[in-house]
Protein chains: 2
Amino acid sequence: MATFVMQAMGCEVAALNTVHFSNHTGYRQFKGTKSSAQEIASLYDGLRQSYLTDFDVLLTGYAPSATAVEAVGAIGMDLRKKSLQQPGSFFWVLDPVMGDQGRIYVNEDVVPAYKDLIPHADLILPNQFEAELLSGIKILSLANLADAIAAIHRIYNVPHVIVTSVQLPSATSSSSSSSASLATADGSVSTQDHRTNALMIVGSTMRSDGSARLFKIDVPFLDCFFSGTGDMFAALTVARLREAVFAAEPTSPPLRETRAWVSPDHVLATDLPLAKATEIVLASMNAVLERTMLARSAELAKYVKQDEQDPELAGMPDVERKAAVEKRAYLRRTKAAEIRLVRNVDLLKSPVIKYFAQEWSQ
Amino acid sequence: MATFVMQAMGCEVAALNTVHFSNHTGYRQFKGTKSSAQEIASLYDGLRQSYLTDFDVLLTGYAPSATAVEAVGAIGMDLRKKSLQQPGSFFWVLDPVMGDQGRIYVNEDVVPAYKDLIPHADLILPNQFEAELLSGIKILSLANLADAIAAIHRIYNVPHVIVTSVQLPSATSSSSSSSASLATADGSVSTQDHRTNALMIVGSTMRSDGSARLFKIDVPFLDCFFSGTGDMFAALTVARLREAVFAAEPTSPPLRETRAWVSPDHVLATDLPLAKATEIVLASMNAVLERTMLARSAELAKYVKQDEQDPELAGMPDVERKAAVEKRAYLRRTKAAEIRLVRNVDLLKSPVIKYFAQEWSQ
């Protein structure tokens, strides 16, 4: 997901896979192997020894263990050296994949490993639960959310933060059993029962006094489980943030040559390159996911017909047959919701912006 | 290379990596691991158990051992079952990566492993040397070449063949030391000293009597080492052949629903979907490689300047310094010749055809 999205946006990508799985874990079954920390470090050494590490941006996502997170971190810190000499010449987008919907789905020692790395990153992309883990603040209101982001800036000194999906308890929340997730920061399928029917993406670029400069963007829910939206969001953000920084108002030195691409204090939250980038990222995501939902319906109808006629199932005892039918239906639904990416590249490159960043003062 | 090219052409791709290397072997140094036959088989099992193997086309390339070739072959034969029930519903493009320029660069037991698989493939893409290995015929003339392709059809009963790069000894061959390779079927860098200044791509779709139906396309040499041209050729061919088959003259059943997409005997060699596909594939390749050569010059100039100023080299003893400078220059040249793909997607999708298939009778 992340590799193709960045390539489609015109970036040359060196992809270092942290797992080699047959399919994403949303299917609830998969085969394959995880990369060891040693394998990750060795691949980077291979690039280094041949002068192949002149990267402008590093995007790091899921890593399967604390030692793997540390190996990825060592890569980030090595690349960081470049920007110490030439400010702005290297930018690290870190997606601290730890959990979602109130549940940690990595080993517990991954959490402190991420906490050690984040001070070296330029932009982090936690989901709501990960923002809670990192800030120590339970997010139940807009005020909590603002406090959590301020705390993340303060504790980790990380200049840019986007919380990729926020849903707050609301008086208008429905107790419907439908569930959805637009932009969770991982590849898993998850459910959530109590929610509003809107989703919020919030971000901030630190001011020079360390305070948060907050914007938020409201987007509609799409009533479907998607897998890979977190990686899609992160990859689009890599491309769009760089574009927005290159298009920023002229300063001396230009923003792209300043440390961590932090805009001067007078720039309003809604005018931040981070806000501009997020607007266009969300436009692409919404458009691609809408197309995916249309294609999903057609695909499901096809498979239901095919599965009903399967002679293999017809021969089974009733109990087994029922379990097999249910399992297969789940797998079919999961596949049908696979994001329709390659045939919708135009929507990645030239989306129509429909949801705009709003200033947000507490 | 192959994954991105197929995705850029609109294909959904499940990529099963047979090696996990830091870089291609043209750099003469790399780190990383090879997939075992068991890992390859396990990943496919993972796809199967979740109903994720409804593929239309399989493209197989380099595999690091005879057992890995067999594991890949088992996947092809499992997918083949679909087309036994529904002719044309599955098509296997097999690139028998074994060697180049007179040299085998895989274990010797890989050769018989490929010979066992090829009868199950629909299209194979040997380079000149691999065509010699498979046919047992040394290719020194057009007559030899025609015999070799006829032999490949006959021995392996494989309906489509493209020999992806042919250079014949010629009275006009220059003994210049410049070397080039447009479309070798592997990722390696190789040299060749005695050659003409044109390259030939030849192909054939078998007639119903088993005879070859030959076409050839002449393309100019580009005086540069490229790596990945074989995978690029194969991946473009997957997309373009399918398009050409879907656009073939109406028949009943349509060509796409006939076994191995073999055109009726009355279709001329130059009108074959295989010939039409190869024309457009070569148009894209030539255009992208021309752009690559332009970008290469600019990049090399930049690095030479940077390397000359490197204080690390300045401190070395003379002999070591000379060796380090030479090695670095080689690595820089190799990187500078990396195919410029992601920013030239338009040339993949909408190239201008400049080299046309010619009928070729012996």
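Just so we're on the same page: letters track the sequence lines, and every chain starts at 1.
Most heavy-atom pairs under 4.5 Å with chain A, from the set B:Phe4, B:Phe30, B:Tyr303: that is B:Phe4. In terms of non-hydrogen atom pairs under 4.5 Å with chain B, the most contact-rich of A:Lys335, A:Gln29, A:Glu338 is A:Gln29.
Other residues, nucleotides and ligands place no more than 12 heavy atoms under 6.0 Å from the CZ atom of B:Arg291. More than 12 heavy atoms of other residues, nucleotides or ligands lie within 6.0 Å of NZ in B:Lys82, so this atom counts as buried by the packing criterion.
Both the backbone and the side chain of A:Gln7 come within contact range of chain B, with heavy atoms under 4.5 Å apart. Residue A:Ser42 touches chain B through both its backbone and its side chain, counting heavy-atom pairs closer than 4.5 Å.
Contacts between residues 339-349 of chain A and chain B, defined by a heavy-atom separation under 4.5 Å, are made by A:Arg340, A:Leu341, A:Val342, A:Arg343. Interface with chain A: from residues 9-23 of chain B, residues B:Gly10, B:Cys11, B:Glu12, B:Asn17, B:His20, B:Phe21, B:Ser22, B:Asn23 qualify, criterion being any non-hydrogen pair under 4.5 Å. Heavy-atom neighbours of chain A within the stretch residues 43-57 of chain B, taken at a separation under 4.5 angstrom, comprise B:Leu43, B:Asp45, B:Gly46, B:Leu47, B:Gln49, B:Ser50, B:Tyr51, B:Leu52, B:Asp54.
Evaluation of the salt bridge (Lys or Arg N to Asp or Glu O under 4.0 Å) rule for A:Arg332 yields A:Asp307 as partners, not counting sequence neighbours.
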